[in-house]
Amino acid sequence: MSNRRFWLMKSEPDEFSIDDLIQSENQTTRWTGIRNYQARNFMRDEMKVGDGVLFYHSNAKPLAIVGSMYVSSEPYPDYLQFKPDSKYFDPKSTEENPRWMLVDVTFVQKFDPPVLREDLYDVQGLEDLMLLKKGSRLSIQPLTAREWEVIHELAGAVDIIKP
DNA sequence: GCCAACGTTGGC
DNA sequence: GCCAACGTTGGC
């Protein structure tokens with residue numbers, strides 16, 4: 001698959017973990033709750049069905065890349081922005097002009113063992129990994145093809161293309 | 001729990 | 001459009 005791009009998406013496992021994804025219907029979930037414009041723009045404007053995505057557990061023990069997924073839908077509105085009882089409700093968003101978009105992602109594989117954050121430092125090929133940059137809070141980050149490959153090698157994993 | 005590094009808000 | 005105040009993220 002040419003023009004396939006690669007991403008890393010963070011989730012706090014207390015909110016939604018890779019095991020939650022595995023147990024989801026069709027092992028697929030809508031990536032709800034993104035309320036950062038840059039992250040939204042990646043999903044809305046740049047992701048394509050079939051893109052590879054690494055699943056990162058943030059605010060967790062251990063901090064780690066725990067598996068991979070692929071983008072499995074076109075972008076569409078995040079329904080939680082319209083639900084007043086949701087913490088992701090946005091009163092300024094309308095059905096006609098939704099502010100927050102998301103994509104579906106589908107499970108590919110779990111890394112066993114996970115690739116620990118602490119083991120990513122000093123790895124050749126990951127010098128520019130956005131995840132490791134100080135103050136990098138972006139919850140969706142682009143990866144180079146090389147970074148994608150190197151992390152798969154660290155995981156002892158084969159890049160399975162499922163879509 | 002701390003706090004640095006952001007991103008957003010809103011008065012002006 | 002500026003920017004101070006505020007809120008959040010997320011590693012440590």
Side-chain angles (χ1 to χ4, degrees), chain A residues 5-24 29-47 51-71 75-105 107-144 146-148 150-157:
Chain A
R5 296 177 67 177
F6 304 100
W7 308 91
L8 178 143
M9 294 166 87
K10 302 180 187 176
S11 179
E12 301 190 12
D14 288 348
E15 296 289 325
F16 189 82
S17 71
I18 191 156
D19 290 323
D20 293 326
L21 175 64
I22 290 169
Q23 289 159 22
S24 299
T29 194
R30 25 190 179 188
W31 203 257
T32 57
I34 297 301
R35 295 294 179 269
N36 169 283
Y37 289 105
Q38 199 176 348
R40 178 207 64 183
N41 292 348
F42 284 144
M43 291 197 289
R44 189 190 62 186
D45 304 333
E46 302 201 37
M47 283 187 182
D51 281 1
V53 184
L54 296 176
F55 194 133
Y56 176 75
H57 278 176
S58 63
N59 257 327
K61 283 190 176 179
L63 292 170
I65 297 167
V66 292
S68 68
M69 317 181 274
Y70 67 90
V71 175
Y76 63 98
D78 181 346
Y79 72 110
L80 291 179
Q81 68 196 305
F82 306 124
K83 299 191 66 141
D85 54 344
S86 169
K87 70 172 177 177
Y88 297 115
F89 176 63
D90 185 344
K92 294 178 181 170
S93 189
T94 63
E95 304 258 3
E96 297 73 30
N97 191 16
R99 180 179 296 192
W100 304 110
M101 306 290 281
L102 53 69
V103 295
D104 290 348
V105 287
F107 175 74
V108 173
Q109 63 184 321
K110 190 171 174 176
F111 294 156
D112 184 26
V115 178
L116 301 182
R117 178 190 180 91
E118 62 189 21
D119 292 338
L120 295 175
Y121 298 94
D122 301 321
V123 173
Q124 202 168 20
L126 300 183
E127 295 84 359
D128 298 324
L129 191 67
M130 191 179 294
L131 182 69
L132 302 182
K133 300 298 179 193
K134 194 178 177 190
S136 175
R137 307 186 313 181
L138 199 54
S139 60
I140 298 178
Q141 306 179 351
L143 299 173
T144 65
R146 170 98 170 116
E147 288 166 342
W148 172 263
V150 167
I151 290 165
H152 274 77
E153 284 168 18
L154 288 174

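Reminder, nothing fancy here: chain letters follow the sequence lines and each chain counts from 1. The figures that follow rest on heavy atoms only: side chains count, while hydrogens, waters and symmetry mates do not.
Tyr37(A) is linked by a ring-ring contact (aromatic ring centres under 6.0 Å, His included) to Trp100(A), counting only residues two or more places apart in sequence or in another chain. Listed by chain and number, the residues in a salt bridge (Lys or Arg N to Asp or Glu O under 4.0 Å) with Glu46(A) are Arg5(A) (sequence neighbours excluded). Checked against salt bridge (Lys or Arg N to Asp or Glu O under 4.0 Å), Arg30(A) has no partners two or more places apart in sequence or in another chain.
Without hydrogens or angle criteria, Glu147(A) side chain to Gly125(A) main chain gives no donor-acceptor distance under 3.5 Å. Looking only at distances, no side-chain donor or acceptor of His57(A) sits under 3.5 Å from a matching main-chain atom of Asp14(A). At least one donor-acceptor pair under 3.5 Å links the side chain of Ser24(A) to the backbone N or O of Asp20(A).
The only member of Phe107(A), Phe111(A), Trp31(A) that meets ring pair (Phe, Tyr, Trp, His ring centres under 6.0 Å) when paired with Phe55(A) is Trp31(A).
Note that CG of Leu102(A) and CE of Met47(A) are 10.5 Å apart. Values are rounded to the nearest 0.5 Å.
Between Leu80(A) and Phe89(A), every side-chain heavy-atom pair lies at or beyond the 4.5 Å cut-off. Residues Tyr76(A) and Asp104(A) form a side-chain contact, since some pair of their non-hydrogen atoms from C-beta on lies under 4.5 Å apart.
First and last contacts of DNA chain B with chain A, using any nucleotide atom under 4.0 Å from a protein heavy atom and ordered 5' to 3', fall at dA5(B) to dG10(B).
At the heavy-atom level, Lys92(A) lies under 4.0 Å from the strands shown only through sugar-phosphate atoms.
Stretches of at least 3 consecutive Watson-Crick or G-U wobble pairs, with each checked distance under 3.5 Å, appear in DNA chain C as B:1-12 with C:1-12.
For the pair Leu138(A) and Asn59(A), both in contact range of DNA chain B, the more 5′-proximal nearest nucleotide belongs to Asn59(A).
Against DNA chain B, the stretch residues 120-137 of chain A makes heavy-atom approaches under 4.0 Å through Lys134(A), Gly135(A), Arg137(A).
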